[in-house]
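When a ligand or atom number is given, it counts from 1 through the structure's own listing order.
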Amino acid sequence: MIIKSVELKTVIGVTTKGIPETGQPEIAFAGRSNVGKSSLINALMNRKNYARVSETPGKTMTINFYHINGEFYLVDLPGYGYARVHNDFKAEWGPMIEGYFRDSGDLRAIFLLIDIRRDPNDDDLMMFEWMKGAGIDPVIIATKADKVKRQEKIKRLKALENVFHVKVIPFSFLDKSGREEIYEVIDELLT
Ligand code: GTP
Ligand code: MG
């Protein structure tokens, strides 16, 4: 995958009516707040902070559509599960994201991100079920792979694969390891 152009094209907030029909494949990134969704999207786009990243959970509050090479979209979603926004999330962001999953005619794939150090929680499992219910097989990415040593990494990946029964791709924003494998998955999705 060669990134020729990147443009933040569409932003959907809780007050936006309806889901845009982009007419091109969309690949969405879901996961708990702070898991590294925006960081991964930046790595894929080869940009430093085009998708805004923060140490404070709850940074991304809108659904952001990044148009890549004029051909497809990477879609950054608000994270779930952060205490301060949790109730708002349930009330507003939850339905917004669910509405997007349900109504988008162009959603081609969803990457579900899990912190490699953590076991999936109820929110993650619910997300996974939602996606499967929407007829989409999520691709699981274990983020922040730099936070664990080699042996622990292998152990954690196995534990996640036992939960989700699909291959899990480890990714680190620091050295961008895993990026090529994710590009390959995207290339395959787009062909
Ligand atoms: P929300 O928008 O709040 O849902 O968060 P997000 O999932 O978009 O996370 P974001 O990309 O903003 O990253 C959250 C924090 O984790 C930031 O401080 C990042 O620098 C850090 N981070 C993200 N990816 C990695 C990684 O691979 N390794 C390490 N060590 N830190 C990471
Ligand atoms: Mg974000």
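- Shortest contact from atom 10 (P) of ligand 1 to any protein heavy atom: Ser39 OG, 3.7 Å.
- Scanning the protein heavy atoms around atom 27 (O) of ligand 1, the nearest turns out to be Phe173 N, 2.6 Å.
- For a threshold of 3.5 Å applied to N or O pairs, the pair formed by Asp76 and ligand 1 contains no separation below that value.
- Annotation: Gly79 places an N or O atom under 3.5 Å from an N or O atom of ligand 1; distance criterion only.
- Under a 4.0 Å N-O distance rule, the pair Lys153/Asp146 does not qualify as a salt bridge.
- One distance of note links CZ of Phe164 with NZ of Lys132; it measures 10.0 Å at 0.5 Å rounding.
- Rounding to the nearest 0.5 Å gives a distance of 10.0 Å between CZ of Arg108 and CD of Glu26.
- To the nearest 0.5 Å, atom OG of residue Ser172 and atom NZ of residue Lys147 are 9.5 Å apart.
- In this structure, the protein non-hydrogen atom closest to atom 7 (O) of ligand 1 is Lys37 NZ, 2.7 Å.
- The N/O atoms of Asp146, backbone and side chain alike, include one that comes under 3.5 Å of an N/O atom in ligand 1.
- Atom CG of Leu113 and atom CD1 of Ile140 lie 9.0 Å apart (nearest 0.5 Å).
- Of all heavy-atom pairs between Ile116 and Ala145, the closest is CG2-CA, 4.0 Å.
- Taking any N or O of Gly36, backbone or side chain, at least one lies under 3.5 Å from an N or O belonging to ligand 1.
- Some N or O of Val35 is nearer than 3.5 Å to an N or O of ligand 1, by distance alone.
- For the pair Val35 and Ile114, the tightest heavy-atom approach, listed with the atom from each and the gap, is CG2-C, 3.7 Å.
- Each of the following atoms of ligand 1 lies closer than 4.0 Å to a heavy atom of Ser172: 27 (O).
- The minimum heavy-atom distance linking Ala30 with Met131 is given by the pair CB-CE, 3.8 Å.
- Protein heavy atom closest to atom 16 (O) of ligand 1, with residue, atom name and distance, is Lys144 NZ, 3.0 Å.
- Nearest protein neighbour of atom 20 (O) of ligand 1, counting heavy atoms only, is Val53 CG1, 4.1 Å.
- To the nearest 0.5 Å, atom OH of residue Tyr183 and atom CD1 of residue Ile2 are 10.0 Å apart.
- On a distance-only criterion, Pro78 and ligand 1 share no N/O pair closer than 3.5 Å.
- Heavy atoms of Asn34 approach ligand 1 to within less than 4.0 angstrom.
- Taking 2.8 Å as the threshold, Ser38 counts as a candidate ligand of the Mg ion (ligand 2), since one of its N, O or S atoms lies below it.
- For the pair Lys48 and Tyr50, the cation does not sit on the ring face, since its NZ or CZ is not both under 6.0 Å from the ring centre and inside 45° of the axis.
- To the nearest 0.5 Å, the span separating CG on Leu160 from NZ on Lys167 amounts to 12.0 Å.
- Every heavy atom of Gly31 sits 4.0 Å or more from the atoms of ligand 1.
- Among protein heavy atoms, atom 12 (O) of ligand 1 sits closest to Ser54 N, 3.2 Å.
- Near Ser33, the atoms of ligand 1 lying under 4.0 angstrom from a non-hydrogen atom of the residue are 3 (O), 4 (O).
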